[in-house]
Amino acid sequence: MSDPAAARAFLLSEIDSLEPFDFVALVPGGRPLHMVEVTRSEAGGLEVRVPGRPRSVPELEAGVRSALRERRFASEDPADPGEAWVRGVGDREEAADLVFRLLAEVFGEKADVPLDVGHGSHRAAHEAKKKLAAARHRIEIIVAEILGERAEQDHDGDYVLPIGDVHVMIAPRATPDAQVVVRVFAITNVGVTVSPELGLFLARMNFGLMFGRFALDVEHQSIWFDETLIGERFREEELRFAVQTVSATADAWDDRLQQMFGGTTYQQVLAGRTIETPPPKKPGEGIGQYL
């Protein structure tokens, strides 16, 4: 579809048929990152959205984000490239005008650029956010009981629990199909010597474990230990058990792993007794696995 008048008429008809959470997207041919969509909100209003981008693709350029702000678009978290930029509009005419203005003025597309059309729904993402909020509320209550105070949160919003000599992290996530996953993990070692022997040793360790697993971050030469809970309705004892398992296992093995494969323990990193730094990525991140 490349005729501007026909494209506009088609978009207007598509907007009329949108149900709550449904969207119609226009995508310039060959440039999928220039997608712009119109969404029907839960309350029935219309929004124009520039979708967020997963970590596996380049994030929106600073100039694009600035141009969106000038046009009264907003993001729930401007620092998170996965969050969409959204602006509410009054009616379908305003929505259509804004879509074509964005394509021309912000993304530099010509008026007669061939456009592909996509359809979908944000209902699953909406449900996932609701479930994730419920999971976070339960985690905060349980963690406060464990620590006797409110837990600190890192830059990702994950909860950090100092348990003895170990820092345990609780990371609630929502998958694209609205399933909540609560990951409980700790860094055991940093700066290890990555070798086939280390990988084989951890694989054998994992085979013998009843709960949890060791993971090797080859790129950042670090070892993690983690356990996973599924669903936002996990029981309190399940989360407490996961925290205890991760804490006890990390504490039991960090010194031994250091003796066998070099590097430092994460406790030494936290105490500032080494030049090593915490790895920048957490287990399971990347490839768009989580919302």
Between Tyr159 and Glu140, is any side-chain donor less than 3.5 angstrom from a side-chain acceptor?
yes
Does any part of the side chain of Leu46, heavy atoms only, come nearer than 4.5 Å to the side chain of Ser41, both counted from C-beta?
no
Can we say Arg8 and Glu93 salt-bridge, meaning some charged N sits less than 4.0 Å from an Asp/Glu carboxylate O?
yes
Check whether any side-chain heavy atom of Thr193 sits under 4.5 Å from a side-chain heavy atom of Leu198, and report yes or no.
no
I'd like to check Arg31 versus Val113 (side-chain heavy atoms, cut-off strictly below 4.5 Å). Are they in contact?
yes
Between Asp156 and Asp158, is there a donor-acceptor pair closer than 3.5 Å when you use the side chain of the first and the backbone of the second?
no
Are the side chains of Arg138 and Glu232 in touch, meaning some heavy atoms are under 4.5 Å apart?
no
Could you tell me whether Glu14 and Arg92 have a side-chain N and a carboxylate O separated by less than 4.0 Å?
no
Main-chain N/O of Ala242 paired with Glu227 side-chain donor or acceptor, under 3.5 Å:
no
Check step by step if ring-ring contact (aromatic ring centres under 6.0 Å, His included) holds for Phe261 and Phe201.
CA-CA 10 Å; Phe261 301 103; Phe201 181 82; 5.7 Å; yes
Cation-pi check for Phe21 against Arg40: NZ or CZ below 6.0 Å from the six-membered ring centre and within 45 degrees of the axis, yes or no?
no
Under 4.5 Å between any side-chain heavy atoms of Val181 and Leu229, yes or no?
no
Does the distance from a Lys or Arg side-chain N to an Asp or Glu carboxylate O, for Arg123 and Glu42, drop under 4.0 Å?
no
Do His167 and Gln267 get their side chains close enough for a donor-acceptor pair, meaning under 3.5 Å?
no
So, do Glu37 and Pro51 sit near enough that their side-chain heavy atoms are less than 4.5 Å apart?
yes
Ile142 and Phe234: CA distance, side-chain angles, deciding distance, side chain to side chain contact (heavy atoms under 4.5 Å, CB included) verdict:
CA-CA 11 Å; Ile142 296 169; Phe234 53 85; 4.0 Å; yes
